[in-house]
Amino acid sequence: MTKVKIAILASGSGSNAESILKWAANSDVAEVVCVLSDKRKALVLERAKNNNVPALAVSKKKNEDRTYFEQRMIANLEGYRPDWIVLAGFMKLLGPHFLKAYDKKIINIHPSLLPLFPGIDGYGDAYRANVAESGCTIHYVNAGMDTGEIIAQKKFALISGESFEELKERGLAIENKFYPEVLEKLFKDML
Ligand code: GRF
């Protein structure tokens, strides 16, 4: 059976990327063809190499136009022919050029129950707002900041007395389990 080919884009530690790599290594529906980071020293690139997946670093040059930067990302990805782009802590907003190249084929995970708390600090915003529950959202990517169509959400209650670091760690562990589960179901339904 032909598997769905995924490219992961990530900027940081890559715990979600790691869980996707581990899942895909044993999945009948998907394979990770490469991991691309805009940060040369990102731990996620080491994780890719350790999982025997090509690791690509494409960083944005100073004053480089976003279209050129995205063109370089696309050129690097092209050789691996990904069907889907999976964002896992990729910290740049994607522009029209990249969105067009992978039209409606880009997925992201966000650390809040969207539409609540979009932006870079979902858990922090939820923690400071003292809400009863937080969670994560897996969604399609459009030109907005975390505004694309929602695919799935996972809620969890905030624990009284919990520190922000504890909340974030707990949230991330939930994300790491949830992201591969949702991808497996999504791609299975497409085959
Ligand atoms: C996660 O909280 C994810 O939801 C957000 O960025 C974080 C990335 O963490 N988009 P990691 O690099 O996967 O550990």
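In listed order, ligands and their atoms are each counted from 1. For the numbers below, each heavy atom of this structure counts, side chains included, while hydrogens, waters and symmetry mates do not. The residues of the chain are indexed from 1 along the displayed sequence.
For Y127 and Y123, the ring centers sit 6.0 Å or farther from each other. Ring pair W84/F187: centre-to-centre distance below 6.0 Å.
Under 4.0 Å from ligand 1, the heavy atoms of L172 that appear belong solely to its side chain.
Residue, atom and distance of the protein heavy atom nearest to atom 2 (O) of ligand 1 are E175 OE2, 3.0 Å. Of all protein heavy atoms, the one closest to atom 14 (O) of ligand 1 is S15 OG, 2.6 Å. With respect to atom 6 (O) of ligand 1, the closest heavy atom belonging to the protein is G89 CA, 3.6 Å.
For I109, a nitrogen or oxygen atom sits less than 3.5 Å from a nitrogen or oxygen atom of ligand 1, counting backbone and side chain alike. Checked against a 3.5 angstrom limit, the closest N/O atoms of N16 and ligand 1 fall inside it. Residue G14 has at least one N or O atom closer than 3.5 Å to an N or O atom of ligand 1.
Here is the list of ligand 1 atoms found below 4.0 Å of a heavy atom in S13: 12 (O), 14 (O). Near P111, the atoms of ligand 1 lying under 4.0 angstrom from a non-hydrogen atom of the residue are 2 (O), 4 (O), 5 (C).
Residue C136 places every heavy atom at 4.0 Å or more from ligand 1.
Closest of all the heavy-atom pairs between L45 and A57 is CD1-CB, 3.9 Å. Across all non-hydrogen atoms, the minimal contact from L77 to A7 is CD2-CB, 3.8 Å.
A salt bridge is defined here as a Lys NZ or Arg NE, NH1 or NH2 lying under 4.0 Å from an Asp or Glu carboxylate O, and K168 with E165 fails to meet this definition. The pair K185-E181 fails the salt-bridge criterion, with no side-chain N (NZ, NE, NH1 or NH2) lying under 4.0 Å from an Asp/Glu carboxylate O.
Side-chain N or O atoms of K3 include one that pairs as donor or acceptor with a backbone N or O of S27 at under 3.5 Å.
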